[in-house]
Asker: 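Just dropping this structure here.
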Amino acid sequence: MYMKQSSENSEIPQAYEHAAIEKKWQKKWAENALYTTDTSTNKEKYYILDMFPYPSGEGLHVGHPKGYIATDIISRTKRMQGKHVLHPMGFDAFGLPAENYALKTKTHPRIAVEKNVARYKQQLEILGFDYDWSREINTTDPDYYRWTQWIFLQLFKKGLAYESNEPINWCPVDKTGLANEDIENGRCERCGTLVEKKPMRQWVLKITDYAERLLTDLDATDYVRPKLIDKVNPHQEGKPLVERTVVHAIVFDPKNKKYLIIRNKKFGWDTVVIGGIEGGESPVDAARREVREETGYTDIEFKRIMGGPTEAHYYTKHKGENRIAYAQAVYFELTGDTRVPLAEGEDSHDEIHWIDEEDFIPGKMVNSELHIWLERLQDPTAGQVKPALDWPASIKELQRNWIGRSEGASIRFKIQDSRFKNKDIEVFTTRPDTLFGVTYVVLAPEHALVKELLEIISNKKEVQDYISRVADVTEIERTDTTKEKTGVELKGVMVINPVNQEEVPVWIADYVLADYGTGAVMAVPAHDERDHVFATKYTLPIRQVVEGINSTLPFTDHGKLINSAQFDGKKSFDIKKEITEYAGGTWVTKYKLRDWVFSRQRYWGEPIPLIHCEKCGVVAVPEHELPVKLPEVTSYEPTGTGESPLAGITDWVNVACPTCSGAGKRETNTMPQWAGSSWYYLRYMDPHNDKALVDKTQEKYWSPVDVYVGGAEHATRHLIYARFWHKFLYDIGVVSTTEPFKKLQHVGLIMGEDGRKMSKRFGNVVNPDDIVATYGADTLRVYEMFMGPFDQQIAWNTSSIVGSRRFIERVWKMSAQATADQDNTALHKVIHRTIKKVTEDIDAFRFNTAISTLMIALNEIETVGAISKDQFGTVLKLLAPFAPHVTEELWSMMGNTSSIHISPWPVYDPHLLVDTTVTMVVQVNGKMRDSFEVAVDTDKAVLEQRALESPQVRKWTEGKTIEKVIVIPKRLINIVTS
RNA sequence: GCACGGGUGGCGAAAUUGGUAGACGCACUACCUUGAGGUGGUAGCGCCCAUUUGGGUAUGGAGGUUCGAGUCCUCUCCCGUGCACCA
């Protein structure tokens, strides 16, 4: 692609005028569609994604673009490295903030959103991002939400969307139901109001059906680590454990496309050449020697080491010791047929064979890990054991906690009353081992059974009063752990403990949660802190059934069972399943994760595409009628009645039933804000498709997102919802991967100069437009990346920006010196070192050190003083992703007609990185006393002698006995004296 | 309470992963340039003592391993984030 020629190029500006330069190039890039991603699928792809913004009325502050700058740098680098890059941007504009803003300013949310989007776009554009705006999406666009509705319908058809009337979280200010994920400390995440529990008709998505997969896939690995083969050679008690490193030599004959193996005549199994590494040998040397000794082949050419020594390991029995072998594979290709006599004893029971790749059959081959190494022949990164999800450990942990899996027993306590003969109370416990210690059973006050039991309760009034009192208490007060627990006994109700047929009383108490487990617990006050507190308060019996070293009650650890009949003396940890079975219970898995409350009683959201028909019940809107467009309303004030404002628009609500054509009414609830963002990354792959949400070929090509950059605050909301929808779409064949985002990268917040969160409230907001006007977009970009580690929260500091500005100005000035045609050899090393470091740092999100490396390079170039055009071009290229405008300007001033941003990324020459001399530090007893330059390959003995002769060193060794001298080549010499 | 992350100059931070602690940048100081200004140039800059050459000390604190620790181990203090009666 060539840039349009322009007369402006001839006028070379003498001073660095950022405003003119940046405007000029932004215009040209757009005119030339430099960053438009085509639909071809034959190049290697790279999909890098930002969490798209929610366009609020306030516009962007200086912290928002930080992540976008990072993705911009990486996408530009990848493009220069020849990748087919997808780097899109769009807007997430449904939901409460837009609607509340609209209510406040009395403008229609659509108008407000349009205005805000325009503002955001303009703010993003002046920063020079390389977004492909032809793929822009907006979640409020009917062409987009058509597919959000389509996904909902698929969920509905698979039974994963259901109607419920359970009490849900209700925000009285925003007048809408909320999902569990929208609650922070019992308050509405949006407005901070205390949340109430309110029974309401809701649409709920069955995310819990996916809980197990959402959890286990966090730890999924791309390639399975070879298992310990300890079945063949079990660990031998009392024998020492010995570790040994071995090599597997894989020899391939490219002429016949076969692999060299050894067949054991006696046992029939095959193996590649295996051997131990002898002292001082390299793995390659060892493998080569083994091939020669065992097969006689000598004409083999080393190609590659496939895998580190700890990748494959297995037990093997060896002379009465437990041996773990850490295997490393070395890959050779055969270059000739010469064979030498085998080493002694090698030919008696083995045969040499050449076999096809298909014959590497696990089970038949001794080398269980071979298939992994063979994969690696195609792809050097394959076969490495790495997590499928390259996500920060902290986010994975947050999701694990949020899903909250626990295994335990479901146990039934029979109700001891003739009127409830077949009824029982089902409890969930992770400690069935303490069943003999149960002294009462507790139900949540909201438990459905309580109402039924009222007829046999003697203290009916007391119980009813208690239930209504609890109902009045807000969620936050009730879940306050410091609050004293309260409860009341259901007098007259007794249940039978299935392990000992004992009758125990039943209580209701506020410390039992209705929506976890079964809403009922067996109380074991001796071994549970909460039960202990409660039992002490109400003087209920406490019976110890587990004993440990320190058995102060409550004793919540595992130990030995006592007072447990035939189970006495058993270890409590081991006996759980056995006691569960004995009690007639079942072993079950429970999750903290709740189903996703998917209804909002508000206007500004995707209409749920369902129709309620008196005859047919709930009917899906036919897919060809999608989208169900959000109708115009005169008032979009929330009603607070549990119906959305849409309910008032009768000519929209009343509709013929698609099945029976009878009278039907549209569903008037709308979807939550999270709906549109749960799949948007798929739409970018194929944004204008009106036949499907994404074309299969495009999806297969672009999936998964290679890198996803955004704030950590989305760990448990957006990122769980998106994973859920993605897995569902995988199940119905819409997407080809089980996870949407391969790598996830956090952006650390930029705080205000006062160290507080940047907010209008604190008056510490810095507007990027102002910074761009004063210093330029390039300076802002460099500064934000140079501030510190990318994922770290750092305070903004306007006075520090000048450093980045000076840096760019110095590059500008340097261009005047870059006139030579001949490379300056004095700069070879620094330039190639810089290429290496900058390339690696960009890949690892270490932008701060990448920039400091460029600064160091510039310092050295200034010291040397003369640089060739070519060398300066290399420096410009390395800087181009960070400062795209000024580098483009200087690049074109050098006479280039094609954009620097599509020029090939520099490649370093490893030979130029090799140091010929090195500084040796001399320490005496660990303290640095002297240093000297030597040739890298200087002999150890020479180094030692030189160090000992140094006058600086002699000062400290005089009169002392030298006990030893440690010489670390290329590093230091440490002299230890008495 | 539990889980995760983090404590290095006046400030933001580096540290080849166990090998010269403080790269790079800001601020500061002195000088140069300029009529003036700084978004110009040069030099200095952890702390303490000697100030020239040097010495001591130092990565929240206390121990330990090691020839050698910011880095590994044990304990402890502080800060941040998330979850929080989940049976």
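All values below were derived from every heavy atom in this structure, side-chain atoms included, with hydrogens, water molecules and symmetry-related copies excluded. Quick caveat: nothing in here was measured; it's all calculated off a predicted structure. Letters A, B, ... mirror the listed sequences (proteins, then strands); counts begin at 1.
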Asker: Is there a side-chain contact between A:Tyr516 and the phosphate of B:A87, meaning an N or O under 4.0 Å from OP1 or OP2?
Answerer: yes

Asker: Using a 4.0 Å heavy-atom cut-off across all strands, classify A:Gln923 as base, sugar-phosphate, or nothing.
Answerer: base

Asker: As a test of reading the structure: which of B:C67, B:A14, B:U20 is closest to the side chain of A:Val921, going by heavy atoms?
Answerer: B:U20

Asker: Which one is paired to B:G25, where only Watson-Crick or G-U wobble pairs with both distances under 3.5 angstrom count?
Answerer: B:C11

Asker: Is it the case that the side chain of A:His527 and the backbone of A:Val546 share a donor-acceptor pair, with hydrogens and angles ignored and the cut-off at 3.5 Å?
Answerer: yes

Asker: Nearest to the A:Gln792 side chain among B:G12, B:C83, B:U20, which nucleotide is it?
Answerer: B:G12

Asker: Over 60° means perpendicular and under 30° means parallel, so classify the ring planes of A:Phe847 and A:Phe882, tilted if in between.
Answerer: perpendicular

Asker: Assess the side chains of A:Tyr516 and A:Ser406: does a donor N or O sit below 3.5 Å from an acceptor N or O?
Answerer: yes

Asker: Check the chi torsion on B:U17 and let me know: syn if it falls within 90° of 0, anti if not.
Answerer: syn

Asker: Whether A:Arg805 contacts B:G25 is assessed here as follows: a side-chain N or O lying under 4.0 Å from the phosphate OP1 or OP2. Is that the case?
Answerer: no

Asker: Base, sugar-phosphate, or nothing for A:Ser800, non-hydrogen atoms under 4.0 angstrom?
Answerer: sugar-phosphate

Asker: Choose from B:G55, B:U39, B:A13 the nucleotide whose nearest atom is closest to any side-chain atom of A:Arg929.
Answerer: B:G55

Asker: Does a side-chain N or O of A:Thr849 approach OP1 or OP2 of B:A13 to a distance below 4.0 Å, or not?
Answerer: no

Asker: If the glycosidic angle is within 90 degrees of 0 it's syn, otherwise anti, so just tell me which one B:G9 is.
Answerer: syn

Asker: From C-beta outward on A:Val802, which listed nucleotide comes closest to its side chain: B:U20, B:A87, B:A27?
Answerer: B:A27

Asker: Can you tell me how far P in B:U71 sits from the matching atom in B:U52, rounded to whole Å?
Answerer: 36 Å

Asker: If you measure from the P atom in B:G40 to the same atom in B:G25, how many Å do you get, rounded?
Answerer: 13 Å

Asker: For A:Met928, report the nucleic acid contact type (base, sugar-phosphate, nothing); a contact means any heavy atom under 4.0 Å.
Answerer: base

Asker: Give the nucleotide from the list B:C85, B:G82, B:A87 with an atom nearest to the side chain of A:Leu398.
Answerer: B:G82

Asker: Considering only atom C1', compute the distance from B:C45 to B:U29 and round it to an integer number of Å.
Answerer: 8 Å

Asker: Both A:Asn974 and A:Asn859 contact RNA chain B. Which one's nearest nucleotide lies toward the 5' end?
Answerer: A:Asn859

Asker: Of the listed nucleotides (B:C83, B:G40, B:G56), which one gets closest to any side-chain atom of A:Trp956?
Answerer: B:G56

Asker: Mind checking A:Pro392 for me? I need base, sugar-phosphate or nothing, with any heavy atom below 4.0 Å counting as a touch.
Answerer: nothing

Asker: Let's see if you can work this out: which of B:U39, B:A23, B:G12 has an atom nearest to the side-chain heavy atoms of A:Ile794?
Answerer: B:G12

Asker: To the nearest 0.5 Å, what is the distance between CE on A:Met785 and OG on A:Ser852?
Answerer: 14.0 Å

Asker: Within the structure shown, what part of the strands sits under 4.0 Å from A:Thr430 by heavy-atom distance: base, sugar-phosphate, or nothing?
Answerer: sugar-phosphate

Asker: On a whole-Å scale, what distance lies between the C1' atoms belonging to B:G63 and B:C11?
Answerer: 32 Å

Asker: Base, sugar-phosphate, or nothing for A:Ser406, non-hydrogen atoms under 4.0 angstrom?
Answerer: sugar-phosphate

Asker: Side chain of A:Leu513 only, heavy atoms from C-beta on: which candidate in B:U57, B:G40, B:A87 is closest?
Answerer: B:A87

Asker: Does the A:Glu860 side chain pair with the main chain of A:Val830, one donor and one acceptor, at a distance under 3.5 Å?
Answerer: no

Asker: Roughly how far apart, to the nearest Å, are B:U20 and B:A15 at atom C1'?
Answerer: 11 Å

Asker: Using the P atom as the reference point in each nucleotide, state the distance between B:G80 and B:G68 in Å, no decimals.
Answerer: 38 Å

Asker: Kindly say whether A:Val524 contributes a backbone atom to a donor-acceptor pair with the side chain of A:Asp531 at under 3.5 angstrom?
Answerer: yes

Asker: Could you tell me whether the phosphate oxygens of B:U16, OP1 or OP2, come under 4.0 Å of any side-chain nitrogen or oxygen in A:Arg833?
Answerer: no

Asker: Return the nearest nucleotide to the side chain of A:Met855; candidates are B:U39, B:C24, B:G12.
Answerer: B:C24

Asker: With a 3.5 angstrom cut-off on both distances, give the Watson-Crick or G-U wobble partner of B:C75, or none if there isn't one.
Answerer: B:G61

Asker: Do A:Thr919 and A:Glu933 have side-chain N/O donor and acceptor atoms under 3.5 Å apart?
Answerer: yes

Asker: If the C1' atom of B:G56 is compared with that of B:A3, how far apart are they to the nearest Å?
Answerer: 43 Å

Asker: Tell me which nucleotide among B:C85, B:U39, B:G12 gets nearest to the side chain of A:Glu809.
Answerer: B:U39

Asker: Look through every strand shown and name the nucleotide pairing with B:U81 as Watson-Crick or G-U wobble, where both distances are under 3.5 Å.
Answerer: B:A3

Asker: In terms of the nearest nucleotide of RNA chain B, which residue is placed more toward the 5' end: A:Gly404 or A:Gly803?
Answerer: A:Gly803

